[in-house]
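By convention here, the first residue in the shown sequence is residue 1. All values below come from the heavy atoms of this structure, side chains included, with hydrogens, waters and symmetry mates left out.
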Amino acid sequence: MSDVTLQVEAGVAVLTLDNPSKLNALTMGMLDTLGNHLDALETRTDVRGVILTGAGAKAFCCGADIAEWGSLSPSEFARHWVRRGHRVFDRLARLHLPTIAALNGHAFGGGLELASACDIRVMAPTATLALPEARVGIVPGWSGTQRLLRLLPEPVVKEMALLGRRISADRAAAFGYVAEIADDALSSAKDIAAQLSGLSPRATEVSKSMIHASQGEDRAAMVEALGGAAIAASEDRAEGVVAFLNKRSAEFSGK
């Protein structure tokens, strides 16, 4: 059954959208599986970076499988399909590990929105980006008009969303959307991920959180996470836990 696979090697996790017969179009099952893999990766200590890619050479992901959502009622489409995608994509964006999208092929619609939830993007020279939703009478529903606006100029996003025009790899690189253009996007992404093995995982995690907080992405959650991490390293926190377990009053030192 087409799904999302997870492989971990040398501290690098590779998530692969494995639905090549449909250009890796996303199904409800794939969204659920991707979300489960992200939850599992959040707790692993042997992983320093995560790569997201697609099976085959044609597409990273061509978007949402129309066979999955085409027959849904308006309320089902909004409550289940759109919200489910948002939950998973937001989960990817908030993952504490650095994430790299290896765009081995075209990224359309939901596929482009998925790539935009990653921290770094590498793109094959023949791959293109597009928001083709208007061609089938819908609009971007998984952050295409929100998160993408922080990564590309507004006129470009309008050009894509209103006209359905494709953006080439060269143009995407000129806008800074992709970090590299490489014939083998996955190999290039692995090289970038390998560089993370020599860096402090705590430093990269905190840097990512601070950048997201400055952009207003879950600012309250980011601030609380950073504050929680800081207080967890204090002597007062250790004293408070010991005192509670021993049923005595804590003697805080302010350290």
Side-chain angles (χ1 to χ4, degrees), residues 3-18 24 30-55 60-61 87-105 107 111 113-124 127 143 147 150-151 173 176-215 217-219 221-233:
D3 214 336
V4 182
T5 63
L6 170 63
Q7 293 182 318
V8 177
E9 183 177 352
V12 178
V14 179
L15 289 164
T16 304
L17 306 177
D18 192 10
N24 301 317
M30 291 174 72
L31 289 174
D32 290 341
T33 302
L34 178 57
N36 291 336
H37 284 322
L38 294 173
D39 287 342
L41 287 170
E42 191 69 65
T43 62
R44 293 188 64 154
T45 59
D46 61 329
V47 176
R48 295 293 183 89
V50 178
I51 296 172
L52 181 63
T53 191
F60 166 73
C61 175
R87 285 196 298 269
V88 175
F89 286 25
D90 289 345
R91 186 72 185 85
L92 174 62
R94 293 196 309 269
L95 192 70
H96 78 278
L97 295 162
T99 56
I100 306 165
L103 306 181
N104 50 298
E113 292 166 317
L114 185 62
S116 299
C118 292
D119 300 315
I120 299 169
R121 285 157 292 279
V122 180
M123 193 170 176
S143 75
R147 185 176 286 121
R150 295 193 288 268
L151 302 172
Y177 181 79
V178 296
E180 294 181 9
I181 298 176
D183 290 329
D184 189 335
L186 179 57
S187 178
S188 180
K190 287 182 177 180
D191 289 341
I192 293 174
Q195 297 174 32
L196 296 169
S197 63
L199 304 177
S200 163
R202 290 296 295 152
T204 56
E205 176 185 352
V206 172
S207 293
K208 176 175 176 175
S209 294
M210 290 192 300
I211 293 169
H212 282 199
S214 71
Q215 296 173 336
E217 296 185 24
D218 296 322
R219 183 169 292 171
M222 294 295 182
V223 170
E224 289 184 352
L226 292 173
I231 201 68

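Looking at H37, its side chain never comes within 3.5 Å of a backbone N or O of L15 through a donor-acceptor pair. Checked by atom type and distance alone, the side chain of R121 never pairs as donor or acceptor with a backbone atom of L103 at under 3.5 Å.
Between T16 and T53 there is a side-chain heavy-atom pair separated by less than 4.5 Å. Side chains of D119 and L95 form no contact here, defined as non-hydrogen atoms less than 4.5 Å apart. Using a 4.5 Å cut-off on side-chain heavy atoms (C-beta onward), D90 and R94 make contact. Residues L186 and N104 fail the side-chain proximity criterion, which asks for heavy atoms closer than 4.5 Å. The shortest side-chain heavy-atom distance between I100 and V122 falls under the 4.5 Å cut-off. In this structure the side chain of E42 reaches within 4.5 angstrom of the side chain of R91, judged on heavy atoms.
In this structure, CE on M30 lies 5.0 Å from CG on L17, to the nearest 0.5 angstrom. Atom CZ of R48 is separated from atom OG1 of T204 by 8.0 Å, given to the nearest 0.5 angstrom. Here the straight-line distance linking atom CG of D32 with atom CZ of R87 works out to 8.5 Å at 0.5 Å rounding. For the atom pair OG1 (T43) and NE2 (H96), the distance works out to 8.5 Å, reported to the nearest 0.5 Å. The distance from the OG1 atom of T99 to the CG atom of L52 is 8.0 Å, given to the nearest 0.5 Å. From L6, atom CG reaches atom CG of N36 across 11.0 Å, with rounding to the nearest 0.5 Å.
Take D46 and apply the side-chain contact (heavy atoms from CB on, under 4.5 Å) test, not counting sequence neighbours, and it matches V8, R44.
Taking all atoms of both residues into account, the shortest heavy-atom contact from S116 to Y177 is OG-OH, 2.8 Å. The two residues A117 and L92 make their nearest non-hydrogen contact at CB-CD2, 3.8 Å. The minimum heavy-atom distance linking K208 with L97 is given by the pair NZ-O, 2.9 Å. When all heavy atoms of G105 and A127 are compared, the closest pair comes out as O-CB, 3.3 Å. What you find for L31 and F89 is that their closest heavy atoms are CD2-CE1, 4.0 Å. S188 and A182 make their closest contact through CB-CB, 3.7 Å (heavy atoms, listed as atom of the first residue, atom of the second, distance).
In this structure, a donor-acceptor pair under 3.5 Å is present between the side chains of D3 and T33.
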